[in-house]
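To keep things clear, I will list the structure first and then write my remarks on it.
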Amino acid sequence: MPELPEVETVRRGLERWVARRTVAAAEVLHPRAVRRHTAGAGDFAGRLAGAEVAAVRRRGKYLWLPLFTGDGAAPSEALLAHLGMSGQLLVGEPGREREKHLRVRLTFADGGLDLRFVDQRTFGHLLVADLVPDAHGAPDETVPEPIRHIAPDPIEDAFDDAEFVRRLRRRRTGLKRALLDQSLISGVGNIYADEALWRAKLHGARPTETLTRAESERALAGAREVMALALAAGGTSFDRLYVNVNGESGYFDRSLEAYGREGQPCRRCGAPIRRDAFMNRSSFTCPVCQPRPRRARF
DNA sequence: CAGCGTACCTGTAAGC
DNA sequence: TGCTTACAGGTACGCT
């Protein structure tokens, strides 16, 4: 469930079903799922066994569960998760059948619902990492060390609009590429980048150094608005790959204005939406509302 | 250093 | 029907 609204939907589910519970055991069924935990699968499982989930946090597309380790101190490490292209975190009866692409399974000391990381394409991963001070947020906030370089996302308090606009306009790249850069703004992926640009009436190939302050703010507002709407709909899913912790799909796909609408009329002006190849994927734009710049950056 | 292309996977759908 | 190809929500890494 890749982009911010889908990950936030999962975060809310985990908060409800997993927070404040103590892990009994972690079972790694596919080593690739913990490849970024450099100390290995055994160390990963060892750090989780007996730990209590203190909370469920998110920045952009990353989720993390700060862990109480039993000594009464504040959490110093966290279980960090990225769902990649096809990852799911599912909560359910421990005895149910194992999913075909089950990669990691956590059981809890209370014997209740288990937590499963299911990931068809294995681009997602889990790891346990140290918590370090957050360079972007309040002084007492922490983030897992591997994601300290990730920028705040536009729906968190730590996001600084003016700073984003300054950094965006200093870049020398295309607008869409910049929106997808998680070190500039996190949480935006291919769907919501296209939707934000449609709302802002801007083309993703616009060179960032030609953007006015007002245009930059429009792009940001577009991202913020579309993600808030998608979140209210439980996220976007085209198939069973993108579901919440209870296996249910969101329905924001019905509200998409650009993404996946090649050849269909723009709901603002009626012109057929056009598809272009971009970064080994697709970009969808309205050729009238979002005129392609003369000096295009893709 | 910033920016860009490619690699990493599995599954589905479309094309021949 | 079966084979091949294109494409799918993302990030890390190495090259220029």
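Numbered from 1 within each chain, the chains take letters A, B, ... in sequence-line order. Scope of the values below: all heavy atoms of this structure, side chains included, with no hydrogens, waters or symmetry mates.
- Nucleotides dT12(B) and dT11(C), compared at atom P, are 24 Å apart to the nearest Å.
- When heavy atoms are screened at a 4.0 angstrom cut-off, Asp181(A) is found touching no nucleic acid atom at all.
- In terms of position on DNA chain B, the residue among Arg103(A) and Gly174(A) whose nearest nucleotide sits closer to the 5' end is Gly174(A).
- Lys100(A) has no side-chain polar atom (N or O) that falls below the 4.0 Å cut-off from OP1 or OP2 of dT10(B).
- Looking at heavy-atom distances under 4.0 Å, Tyr62(A) makes contact with sugar-phosphate atoms alone, never a base.
- Using a 4.0 Å heavy-atom cutoff across all strands shown, Asn280(A) reaches at least one base atom of the nucleic acid.
- Stacking here means ring centres nearer than 5.5 Å and ring planes tilted less than 30 degrees, and by that measure Phe123(A) stacks onto dC8(B).
- Looking at the side chain of Arg32(A), the nearest of the listed nucleotides dG10(C), dC4(B), dC9(B) is dC9(B).
- The NE2 atom of His149(A) sits 16 Å away from the C1' atom of dC1(B) (whole-angstrom rounding).
- If you check every strand for non-hydrogen atoms under 4.0 Å, Phe238(A) touches a base.
- With contacts defined as side-chain heavy-atom distances shorter than 4.5 Å, the pair Met227(A)/Glu8(A) does not qualify.
- The main-chain N or O of Leu113(A) is found under 3.5 Å from a side-chain atom of Arg21(A) such that the two form a donor-acceptor pair.
- A sub-4.0 Å separation between OP1 or OP2 of dC7(C) and a side-chain N or O of Arg275(A) is present.
- Between Gln120(A) and Arg170(A), the residue anchored nearer the 5' end of DNA chain B, judged by the nucleotide with its closest heavy atom, is Arg170(A).
- The side-chain hydrogen bond (donor to acceptor under 3.5 Å, both in side chains) with Asp194(A) is formed by just one residue from the set Arg261(A), Gln290(A), Lys176(A); it is Lys176(A).
- In this structure, Arg166(A) contributes its side chain and Arg170(A) its backbone to no donor-acceptor pair below 3.5 Å.
- The gap from the P atom of dA13(B) to that of dG9(C) amounts to 16 Å, rounded to the nearest Å.
- Listed pair Arg281(A) / dC7(C) fails the phosphate criterion, with no side-chain N or O lying under 4.0 Å from OP1 or OP2.
- A 3.5 Å limit on both hydrogen-bonding distances identifies no Watson-Crick or G-U partner for dG9(C).
- The aromatic rings of His82(A) and His125(A) lie parallel to each other, with less than 30° between the two planes, well short of the 60° mark.
- Put simply, Arg240(A) has no side-chain N or O that comes within less than 4.0 Å of OP1 or OP2 on dG11(B).
- Within the 4.0 Å cut-off from OP1 or OP2 of dG10(C), at least one side-chain nitrogen or oxygen of Lys61(A) is found.
- Smallest separation of non-hydrogen atoms from Asp114(A) and Leu106(A): CB-O, 3.3 Å.
- In this model, the phosphate group of dA12(C) is not approached by any side-chain N or O of His82(A) to a distance below 4.0 Å at OP1 or OP2.
- Donor-acceptor pairing under 3.5 Å, judged by distance alone, is absent between the side chain of Arg36(A) and the base of dA12(C).
- The side chain of Ser282(A) places an N or O atom within less than 4.0 Å of a non-bridging phosphate oxygen (OP1 or OP2) of dA8(C).
- Using a 4.0 Å cut-off, some side-chain N or O of Thr173(A) falls inside it from OP1 or OP2 of dC4(B).
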